[in-house]
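So the structure is just underneath, and the comments pick up after that.
So that the names make sense, note that chain A is the first sequence line, chain B the second, and so on, each numbered from 1.
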2 protein chains.
Amino acid sequence: MPARTGRPPKISRADIVSAAHRLIEAEGTESLTMRRLAREVGATPMALYHHVHDKEELLLLLLDDYAAAMPRPELPDEPGERMAAAALAMHEALAGVPWIVDVLRADDLLSVNALWYPETIIDAAVRAGLPLERAVAAYRIIWHYTAGEITARAAALRRRGEGRPTYRRQVFATLDAEALPRLAEVGGRWEELTARDTYGEGLRALVAGLLLNGLATGRSFVKRSGSDDQMD
Amino acid sequence: MPARTGRPPKISRADIVSAAHRLIEAEGTESLTMRRLAREVGATPMALYHHVHDKEELLLLLLDDYAAAMPRPELPDEPGERMAAAALAMHEALAGVPWIVDVLRADDLLSVNALWYPETIIDAAVRAGLPLERAVAAYRIIWHYTAGEITARAAALRRRGEGRPTYRRQVFATLDAEALPRLAEVGGRWEELTARDTYGEGLRALVAGLLLNGLATGRSFVKRSGSDDQMD
DNA sequence: CTAAGTTTTTATACGCGTATAGAAAGTAGC
DNA sequence: GCTACTTTCTATACGCGTATAAAAACTTAG
């Protein structure tokens, strides 16, 4: 029964998504606006909203296509390495998407086709000996770190893009060396140091710490200080 | 010489910032728009732009006031605990600012009055035995994790605020249990598990891993996989 | 053929951040 | 007092995401 009731659609969700891909490819991220996209598919802006709930959903659909196309890396067997490798792949995938920041305000799962990453990381954590609940927590912690790093990376890129007097230079110029000796010591090297890619380093530290914590009976080398594990 | 040349200002940067504070206090974050704020100080919207570069700068100024007023916690002496305590304080401070997400797209330093946090964390890392460069890297890694966690937290709050069918429920409903066994195993408990506050846990793991890594001569328990420490 | 019902598309409008151009309101030099 | 010069503020406009209401284009029931 291909005959449906109601006015026949002029555009489809797939049309919209593929037009969005084309648009981004051809004219860059900034050209992807609902109005421009509507012109591209030959409809009015509001027509789009019958096919996607809002712009954020559209970006998620784009990301989903993107995630589906990403190659999945060979994974090492050792659980810790496996977690790290999957997280690095996730990071690499996200870092390649220029509009990612607009979608990273979402939660931890992103799109259906991206679920391979949490699945793999959680599975590796379980194989490392963590109970399922803690493995989920470990994944989320890794996710938070990853999303935060990507966001900062995008911000840094943006900063270089604009001409602005960097603000940080101003901060370090008017820095009170008595109150903030370490920062003063770093001084002008801040720019240089923060240009380095420390994702891998942080990730390895994080994984090491998570597995250490999860396997040991003692909670952590850091004594619990009373205010640091409330439930929100 | 209090006599300056040019048209005398009707409003000042301080006026704007304090009006913004009032506005947020009285009517919530969403009411803070440049146009509304202009009405509040009795000027046209564009007049504001002679005192702040853009809205993001305004938010940074607000955050700066906020950071100045935040109490600074007693810090333990043991370096690892000290790092964690400072980071927890930073996290707590940020988590209390509802519009923080709009400002977290910025970089690592935020505002002048917030510099106490990086200073303290870096100092503690140095006391723990890390060379200065690695201490800075450690701080940035902690920052990325913290910013990411705050962003996700805000997203979760937003999600609860809207009525939307959660999308995650939909994801887990149509989940391919063969391809994604761990996620299927978690199933409906995802919502519950991800509502938990894991910041403290992740932070302890991170600090432990960072200090482990920094002090040991070997790089990490994770073998370097070749693609994970490029410089960008 | 017509009337009702359903789905999709259009028209219009709102408030947003902010770019640009120029008017307003002072001081300083003559 | 007039003219320059400087600083600040106003007027207008653009494109953005999207809410709301109505029109358009079908199918189905009678």
* **Neighbour count above 12 (heavy atom, 6.0 Å) for Glu25(B) CD** =>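 It does not: Glu25(B) CD has 12 such atoms or fewer within range.
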* Neighbour count above 12 (heavy atom, 6.0 Å) for Glu192(A) CD ->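 More than 12 heavy atoms, drawn from other residues, nucleotides or ligands, come within 6.0 Å of this atom.
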Using whole Å, report how far [atom1] of [X] lies from [atom2] of [N].
X: Ile11(B); N: dT8(D); atom1: CD1; atom2: P; result: 10 Å
X: His50(A); N: dA22(D); atom1: NE2; atom2: C1'; result: 12 Å
X: Lys10(A); N: dA23(D); atom1: NZ; atom2: P; result: 18 Å
X: His51(B); N: dT8(D); atom1: NE2; atom2: C1'; result: 7 Å
X: Arg7(A); N: dT8(C); atom1: CZ; atom2: P; result: 10 Å
X: Arg4(A); N: dG5(C); atom1: CZ; atom2: P; result: 19 Å

Pick out the pairs of N or O atoms, protein on one side and nucleotides 14-20 of chain C on the other, that lie under 3.5 Å.
| residue | atom | partner | partner atom | Å |
| --- | --- | --- | --- | --- |
| dC16(C) | OP1 | Thr33(B) | OG1 | 2.9 |
| dG17(C) | OP1 | Met34(B) | N | 3.3 |
| dG17(C) | OP1 | Lys55(B) | NZ | 2.9 |
| dG17(C) | OP2 | Met34(B) | N | 2.8 |
| dG17(C) | N7 | Arg35(B) | NH1 | 2.4 |
| dG17(C) | O6 | Arg35(B) | NH1 | 3.0 |
| dG17(C) | O6 | Arg35(B) | NH2 | 3.4 |
| dT18(C) | OP2 | Tyr49(B) | OH | 2.9 |
| dT18(C) | OP2 | Lys55(B) | N | 3.0 |

* Just call it for Ala47(B): base, sugar-phosphate, or nothing, with non-hydrogen atoms closer than 4.0 Å on any strand. =>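 Base, at least one base heavy atom under 4.0 Å.
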Quick check: does any side chain N or O of [X] sit under 3.5 Å from a backbone N or O of [Y], one acting as donor and the other as acceptor?
X: His91(A); Y: Ala87(A); result: no
X: Tyr145(A); Y: Tyr199(A); result: yes
X: Glu133(A); Y: Leu193(B); result: no

* To do: Give a yes or no on whether the ring-centroid distance for Tyr117(B) and Tyr139(B) is below 6.0 angstrom.
  =>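 Not close enough - the centres of the two rings lie 6.0 Å or further apart.
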* **Net bend of the helix from dC1(C)-dG30(D) to dC30(C)-dG1(D), end axes of five pairs each, nearest 10 degrees** =>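 Roughly 30° between the end axes, to the nearest 10°.
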* Under 3.5 Å, is there a donor-acceptor pair linking the side chains of Ser12(A) and Asp15(A)? ->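 Side chains of Ser12(A) and Asp15(A): pair found under 3.5 Å.
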* Asked: Which residue lies toward the 5' end of DNA chain D, Ser12(B) or Gly6(B), if each is placed at its nearest nucleotide?
  ->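 Final value for this comparison: Gly6(B).
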* Given Val17(B), Val103(B), Leu63(B), Leu48(B), the one that forms side-chain contact (heavy atoms from CB on, under 4.5 Å) with Leu58(B) ->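 One option only clears the test, and that one is Val17(B).
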* For Met83(B), which of Leu203(B), Ile142(B), Leu75(B) qualifies under side-chain contact (heavy atoms from CB on, under 4.5 Å)? ->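 Going through Leu203(B), Ile142(B), Leu75(B) one by one, the side-chain contact (heavy atoms from CB on, under 4.5 Å) with Met83(B) is satisfied by Ile142(B) alone.
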* Look at the side chain of Pro8(A) and decide which nucleotide, out of dA25(D), dT9(C), dT27(D), has an atom nearest to it. =>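 The closest nucleotide is dA25(D).
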* Asked: Are Thr5(B) and dT6(D) close enough that a side-chain N or O sits under 4.0 Å from OP1 or OP2?
  ->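 For dT6(D), OP1/OP2 do not have a side-chain N/O of Thr5(B) under 4.0 Å.
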